[in-house]
Peer 1: 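Handing you a structure now.
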Amino acid sequence: MNRHAQISRALGAGWTPVGDFGVTTWFTFDTGRGTCRQMIVLVGERRIEISVSPTGRSVQVYVDGKKVEATS
């Protein structure tokens with residue numbers, strides 16, 4: 001499925017539009033040790049996923065399925 005079709009399907013599933021170029025959704029889930037938060041953004045050819053630990057001290061970012069390492 002091409003990205004345009006993926007964005008159209010996401011809009012049909014209730015994702016939130018980001019301007020006129022993408023969509024986003026967010027949700028929480030319980031890990032047994034607390035509630036994690038996750039946000040997914042689809043923009044053009046990119047899929048960005050942001051996960052935040054229950055304490056907020058750990059954040060992981062993935063772009064197109066590849067983890068982005070933090071830089072100092």
Side-chain angles (χ1 to χ4, degrees):
M1 166 183 340
N2 68 37
R3 290 294 179 173
H4 180 71
Q6 185 175 5
I7 289 173
S8 294
R9 283 184 63 182
L11 284 168
W15 288 36
T16 302
V18 177
D20 59 352
F21 53 87
V23 292
T24 187
T25 190
W26 53 91
F27 53 92
T28 60
F29 58 95
D30 187 11
T31 64
R33 292 186 284 163
T35 302
C36 289
R37 296 163 212 71
Q38 186 161 21
M39 180 178 199
I40 301 171
V41 182
L42 303 176
V43 177
E45 297 294 319
R46 301 287 190 199
R47 178 185 176 99
I48 300 104
E49 299 175 40
I50 305 162
S51 299
V52 182
S53 71
T55 63
R57 291 177 45 185
S58 175
V59 176
Q60 295 183 4
V61 178
Y62 292 82
V63 175
D64 299 331
K66 296 179 183 176
K67 187 174 182 179
V68 177
E69 297 297 334
T71 59
S72 330

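Quick caveat, the model's predicted, so the values are computed rather than measured.
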Peer 1: Looking at every non-hydrogen atom in both residues, tell me the closest pair between Phe21 and Ile7 and how far apart they are.
Peer 2: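 Closest approach of Phe21 to Ile7: O-CD1, 4.1 Å.
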Peer 1: If I take atom CG from residue Asp64 and atom CD from residue Glu49, how far apart are they, to the nearest 0.5 angstrom?
Peer 2: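 Those atoms lie 9.5 Å apart.
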Peer 1: How many angstroms lie between CG in Leu42 and CD1 in Ile48, if you round to the nearest 0.5 Å?
Peer 2: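 Answer rounded to 0.5 Å: 7.5 Å.
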Peer 1: If two hydrophobic side chains count as joined below 4.5 Å and joins carry through other members, does Ile50 share a cluster with Val43?
Peer 2: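 Shared cluster, yes.
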Peer 1: Just jot down the side chain to side chain contact (heavy atoms under 4.5 Å, CB included) partners of Thr28, sequence neighbours excluded, or say none.
Peer 2: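 Scan of Thr28 (side chain to side chain contact (heavy atoms under 4.5 Å, CB included), adjacent residues dropped) gives Thr35, Arg37.
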Peer 1: With hydrophobic residues grouped by side-chain heavy-atom distances under 4.5 Å, do Met39 and Val23 end up in a single group?
Peer 2: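 In one cluster: no.
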Peer 1: Answer yes if Val41 and Val68 sit in the same cluster of Ile, Leu, Val, Met, Phe, Trp and Tyr residues linked by side chain heavy atoms under 4.5 Å apart, and no otherwise.
Peer 2: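 Yes, Val41 connects to Val68 through the hydrophobic network.
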Peer 1: Among all residues two or more places apart in sequence or in another chain, which pass the side chain to side chain contact (heavy atoms under 4.5 Å, CB included) test with Phe29?
Peer 2: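 Per chain and number, Phe29 pairs via side chain to side chain contact (heavy atoms under 4.5 Å, CB included) with Phe27, Thr31, Cys36, Gln38.
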Peer 1: In a table with atom names and distances, give each donor-acceptor pair under 3.5 Å that connects a side chain of residues 54-61 to protein atoms at least two apart or in another chain.
Peer 2:
from, atom 1, to, atom 2, distance (Å)
Thr55, OG1, Ser53, OG, 3.4
Thr55, OG1, Arg57, N, 3.3
Gln60, OE1, Tyr62, OH, 3.2

